[in-house]
Amino acid sequence: MHSRSLLILIALAGASVIGAGTVITADQPVRSLPAGQKLFADLAAKQGQVTRIRLTQGKDSLTFEKKGDAWTLAEKSGYPVAPEKIRQILVDLTEVETLEAKTAKADLLPRLDLGEGDGSRARHLTLYAGETVLADVFLGKLRSAAINAAALGLDKPMLYLRKAGDGQAWLVESRLNPKIEALEYLTKDLFDIAQDKVATVTLTPAEGPAVEIGRAPGDATPPDVAVLNPPEGRVSKKGWDVSGVVAALEGMSFEDVRPAQDIPVDGPKTEARFTLAEGGPVVVTLRKLDGADWAIFSGENDALKPTQGWAFKLPSYKIERLTKSLADLTEEPKTN
């Protein structure tokens with residue numbers, strides 16, 4: 001026997017061992033299908049009919065709902081979902097392909113993370129067209145490839161899976177691996193306004209004087225920015241301390257989102273107002289809720305359309321730039 005053929009046989013033999021070192025091969029499956037069969041082949045023609053996707057694991061759940069041509073996430077009050085995330089779930093499920101029938105014994109299914117009930121680690125994925133179930137499946141452990149699989153061309157993405165209402169577990173070839181984390185699915189990029197498009201910035205803190213930032217006169221092209229109203233006896237800092245504030249609208253994204261109506265309008269607030277060389281101003285209002293800063297965007301600017309009606313928890317470095325004080329951005333004159 002040629003050495004390459006022997007290596008392939010060894011790798012295939014190793015494929016019966018699951019990631020935790022448990023072997024589940026002795027029991028007879030309820031039924032058998034040949035390898036290479038797509039378990040959800042009929043879904044390919046029905047993807048456009050899917051109106052709701054439900055993903056649960058233990059007490060955690062996500063519900064994706066189609067609103068017109070867009071997908072939203074119910075657990076985030078209907079915030080838009082990145083369409084490519086939904087498309088990936090549908091395509092991956094359609095392409096699930098059998099490799100091997102595994103256990104059909106109910107007491108062994110939890111060892112593959114395919115059990116049900118309290119404490120189950122299985123992810124339960126259900127696709128609906130209205131109230132009609134199009135696909136209903138439990139997703140179990142991911143399966144590691146055999147040693148040297150890549151060199152042998154056997155490094156397929158694999159996991160254990162079974163259809164709901166069916167006790168038969170399968171080892172399948174699939175990239176299907178949806179996470180049960182809401183923020184994994186949201187469209188988190190809001191807008192991108194380059195700092196060279198910003199004419200002035202006014203930072204108004206909850207307490208203390210406002211900060212006026214603009215283009216420093218007489219500087220080389222492109223002109224630098226500076227604090228225009230330093231206190232007596234102080235001057236504007238130079239460099240990133242100030243220009244970082246002007247760049248705060250670049251690559252604007254968020255770490256969490258909730259309806260703007262959830263944010264109390266009483267209490268202290270800070271505000272950053274950006275006037276632009278072209279287009280309407282952008283105003284960022286920060287208010288506290290449960291100890292965290294939440295940003296609400298306003299202004300007659302087309303870039304703000306995705307933000308309307310929502311409040312966002314921004315990355316900490318964005319909050320830091322938007323809340324700089326006169327003391328932060330000015331210093332005593334340096335003597336030679």
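Keep in mind that the numbers below use all heavy atoms, side chains included, and drop hydrogens, waters and symmetry copies. All values reported here derive from a predicted model rather than from experimental measurement.
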Heavy-atom side-chain proximity of [X] to [Y] below 4.5 angstrom:
X      : Y      : result
Leu289 : Arg258 : yes
Leu176 : Leu125 : yes
Phe64  : Val50  : no
Asp256 : Leu183 : yes
Leu161 : Leu139 : yes
Val282 : Val198 : no
Trp310 : Pro259 : yes
Pro230 : Val235 : no

Tell me, which pairs form a side-chain hydrogen bond (donor to acceptor under 3.5 Å, both in side chains) where one or both residues lie in residues 292-309, sequence neighbours left out?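 Those involving residues 292-309 are Lys288-Asp293.
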
Could you note down all residue pairs passing side-chain hydrogen bond (donor to acceptor under 3.5 Å, both in side chains) where residues 173-187 supplies at least one of them, sequence neighbours left out?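 Qualifying pairs: Arg123-Asn177.
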
For [X] and [Y], work out which heavy atoms get closest and say how close.
X      : Y      : result
Ser253 : Leu314 : O-CD2, 3.6 Å
Asp224 : Gly239 : OD2-N, 4.2 Å
Gly267 : Arg287 : O-NH1, 3.6 Å
Ala122 : Gln57  : O-CG, 3.5 Å
Phe274 : Val245 : CE2-O, 3.5 Å
Ser61  : Ile180 : CA-CD1, 4.2 Å

At what distance, to the nearest 0.5 angstrom, does [atom1] of [X] lie from [atom2] of [Y]?
X      : Y      : atom1 : atom2 : answer
Leu249 : Ile193 : CG    : CD1   : 5.0 Å
Leu186 : Trp71  : CG    : CH2   : 14.5 Å
Ile86  : Ile53  : CD1   : CD1   : 4.5 Å
Leu55  : Leu73  : CG    : CG    : 10.5 Å
Leu228 : Ser236 : CG    : OG    : 8.0 Å
Leu171 : Leu159 : CG    : CG    : 8.0 Å

State plainly whether one hydrophobic cluster holds both [X] and [Y], where clusters connect Ile, Leu, Val, Met, Phe, Trp and Tyr through side-chain heavy atoms under 4.5 angstrom apart.
X      : Y      : result
Val225 : Leu276 : yes
Ile296 : Val257 : no
Ile263 : Met252 : no
Val283 : Leu304 : no
Val91  : Met158 : no

Would you say [X]'s side chain and [Y]'s backbone share a donor-acceptor pair under 3.5 angstrom?
X      : Y      : result
Gln195 : Glu250 : no
Thr98  : Gln37  : yes
Lys102 : Leu109 : no
Ser120 : Gly115 : yes
Arg162 : Asp166 : yes
Arg52  : Thr63  : no
Lys163 : Leu39  : yes
Thr275 : Ala199 : no
Lys237 : Asp328 : yes
Asp92  : Pro178 : no

Would you please test Trp170 and Val96 for side chain to side chain contact (heavy atoms under 4.5 Å, CB included) and show each step? CA-CA 10 Å; Trp170 296 93; Val96 166; over 6 Å; no

Residues in side-chain hydrogen bond (donor to acceptor under 3.5 Å, both in side chains) contact with Thr94, at least two apart in sequence or another chain: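 Thr94: side-chain hydrogen bond (donor to acceptor under 3.5 Å, both in side chains) contacts with Gln47.
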
Partner set under side-chain hydrogen bond (donor to acceptor under 3.5 Å, both in side chains) for Glu255, not counting sequence neighbours: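 Glu255: no side-chain hydrogen bond (donor to acceptor under 3.5 Å, both in side chains) contacts found.
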
Tell me if the CD atom of Glu84 is crowded by more than 12 foreign heavy atoms within 6.0 Å.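 Atom CD in Glu84 is packed in, count exceeds 12.
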
Can you confirm whether more than 12 heavy atoms, excluding those of Lys188, are under 6.0 Å from its NZ atom?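 Above 12, so yes.
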
Test the Lys66-Tyr128 pair against the cation-pi criterion, namely NZ or CZ under 6.0 angstrom from the six-membered ring centroid and within 45° of the ring axis.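 Relative to the ring axis of Tyr128, which defines the angle, Lys66 lies outside at least one limit.
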
Output all residues satisfying ring-ring contact (aromatic ring centres under 6.0 Å, His included) with Phe254, sequence neighbours left out; order by chain, then residue number.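 Per chain and number, Phe254 pairs via ring-ring contact (aromatic ring centres under 6.0 Å, His included) with Tyr79, Phe312.
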
By salt bridge (charged side-chain N to carboxylate O under 4.0 Å, His left out), which residues pair with Lys313, not counting sequence neighbours?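 Once residues adjacent in sequence are excluded, Lys313 has no partner under the salt bridge (charged side-chain N to carboxylate O under 4.0 Å, His left out) criterion.
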
Any chance you could lay out the side chain to side chain contact (heavy atoms under 4.5 Å, CB included) test for Val211 and Lys324, step after step, and finish with the verdict? CA-CA 8 Å; Val211 183; Lys324 293 286 189 180; over 6 Å; no

Going through the checks in order, is the side-chain hydrogen bond (donor to acceptor under 3.5 Å, both in side chains) test met by Asp136 and Thr126? CA-CA 4 Å; Asp136 198 2; Thr126 310; 2.9 Å; yes

